[in-house]
Number of protein chains: 2
Amino acid sequence: MSAEPLGVDALDTLFGALADPTRRLLLQRLLAKGPATATALAEPLPVSRQAVVKHLQGLAAAGLVVAERDGREVRFRATPERLASAVGWLLDAGGSWDRRIDRLRRR
Amino acid sequence: MSAEPLGVDALDTLFGALADPTRRLLLQRLLAKGPATATALAEPLPVSRQAVVKHLQGLAAAGLVVAERDGREVRFRATPERLASAVGWLLDAGGSWDRRIDRLRRR
DNA sequence: CGTATATGCAATGAAATGGTTGCACCTGGC
DNA sequence: GCCAGGTGCAACCATTTCATTGCATATACG
């Protein structure tokens with residue numbers, strides 16, 4: 001039910017993916033406005049399409065997005081389950097030290 | 001009240017700090033067993049004291065620990081407020097897409 | 001068919017990261 | 001005073017990361 005705990009490597013990849021501002025932006029964009037192609041996502045950004053593709057691959061490796069082919073294009077879709085896993089780790093690590101964490105933890 | 005939102009750079013540093021297994025281990029160790037010196041923290045680990053020092057500085061830069069001098073030693077203490085900030089970002093980004101996130105979010 | 005658009009792959013390069021070692025510098029205690 | 005233990009600093013090295021560019025491939029469509 002609750003997000004099952006991830007291995008050490010998965011956590012590396014997950015937090016690593018979230019550590020980059022461009023990747024966070026892409027993820028938020030996908031979460032907020034739905035699936036999009038690398039080309040479309042790159043358009044408003046100050047970096048090349050290839051850079052965006054690599055970032056999306058990073059997000060995919062972390063399980064935060066999936067690539068879905070549709071004819072000639074590839075549409076990336078956010079899969080937020082892993083965000084819950086990240087939250088799970090943070091709450092678990094944080095224990096009851098912080099009032100805010102404690103409040104969140106208690107549901 | 002709630003953990004105030006961090007800037008983009010702060011999020012980079014925060015998630016970046018969490019992206020390394022040794023740093024997560026150190027953080028968990030400090031959270032679970034209380035403050036300790038770099039030398040003591042390095043002892044059971046397969047890396048040098050200097051490596052641990054650098055990791056602790058990374059955690060300190062992220063606001064996850066603070067260094068407190070006590071005579072000839074420096075004791076590092078975990079400060080979990082930033083964990084709440086990370087959780088805040090994740091919940092905010094996740095929106096209502098995932099049932100688990102949604103549940104947490106509705107607290 | 002032919003062309004325009006979207007994607008894929010590879011080489012390259014600059015900078016950041018994670019780790020090491022060696023040595024200098026405090027500070028507490030005999 | 002002297003010595004040992006804990007820190008701090010700097011140089012150095014290997015690897016990874018972020019971004020670029022150029023070109024190849026594939027597919028939609030008139």
Provide, to the nearest angstrom, the distance between the NZ atom belonging to B/K54 and the C1' atom belonging to D/dG8.
-> 12 Å

Please report the closest heavy-atom contact between B/V74 and B/A67, naming both atoms and the distance.
-> CG1-CB, 3.8 Å

Given A/L26, A/L59, A/L31, the one that forms side chain to side chain contact (heavy atoms under 4.5 Å, CB included) with A/V65 | A/L59

B/D9 CG to C/dA16 C1', straight-line distance once rounded to whole Å | 15 Å

Whole angstrom is fine here: how far is it from CD in A/E43 over to P in C/dT7?
-> 13 Å

Ranking C/dA6, D/dT7, C/dG19 by distance to the side chain of B/V74, first place goes to D/dT7

Quick one: B/L56 CG to D/dG6 C1', roughly how many Å, whole number?
-> 14 Å

What are the two closest non-hydrogen atoms of A/V52 and A/A38, and how far apart are they?
-> CG1-O, 3.9 Å

Pairs under 3.5 Å (N/O, protein and nucleotides 21-30 of chain D):
| residue | atom | partner | partner atom | Å |
| --- | --- | --- | --- | --- |
| D/dT27 | O2 | A/R72 | NH1 | 3.4 |

Co-membership, hydrophobic cluster, residues B/V47 and B/F76, 4.5 Å side-chain | yes

Given atom CD of A/Q57 and atom P of D/dC18, what is their separation to the nearest angstrom?
-> 13 Å

Between B/T39 and D/dT7, does any side-chain N or O lie under 4.0 Å from OP1 or OP2?
-> yes

Between B/R75 and A/T22, the residue closer to the 5' end of DNA chain D by nearest nucleotide is B/R75

Atom CG of A/L18 and atom C1' of D/dT17 are separated, to the nearest Å, by 16 Å

Can you check the A/F15 CZ to D/dT17 P distance for me, whole Å?
-> 17 Å

Distance col, row B/R23:CZ vs B/L18:CG, nearest 0.5 angstrom, shows 8.5 Å

Roughly how far apart are B/T13 OG1 and B/R82 CZ, rounded to 0.5 Å?
-> 9.0 Å

In terms of ring plane angle, is the pair A/F15 and A/W89 parallel, tilted or perpendicular, where the classes change at 30° and 60°?
-> perpendicular

Indicate whether OP1 or OP2 belonging to D/dA19 is found under 4.0 Å from a side-chain N or O atom of A/H55.
-> yes

So which nucleotide from C/dA6, D/dG6, C/dG19 ends up closest to the side chain of A/E73?
-> C/dA6

Atom pair distance, as rounded to whole Å: CG in B/L26 and P in C/dG18 = 12 Å

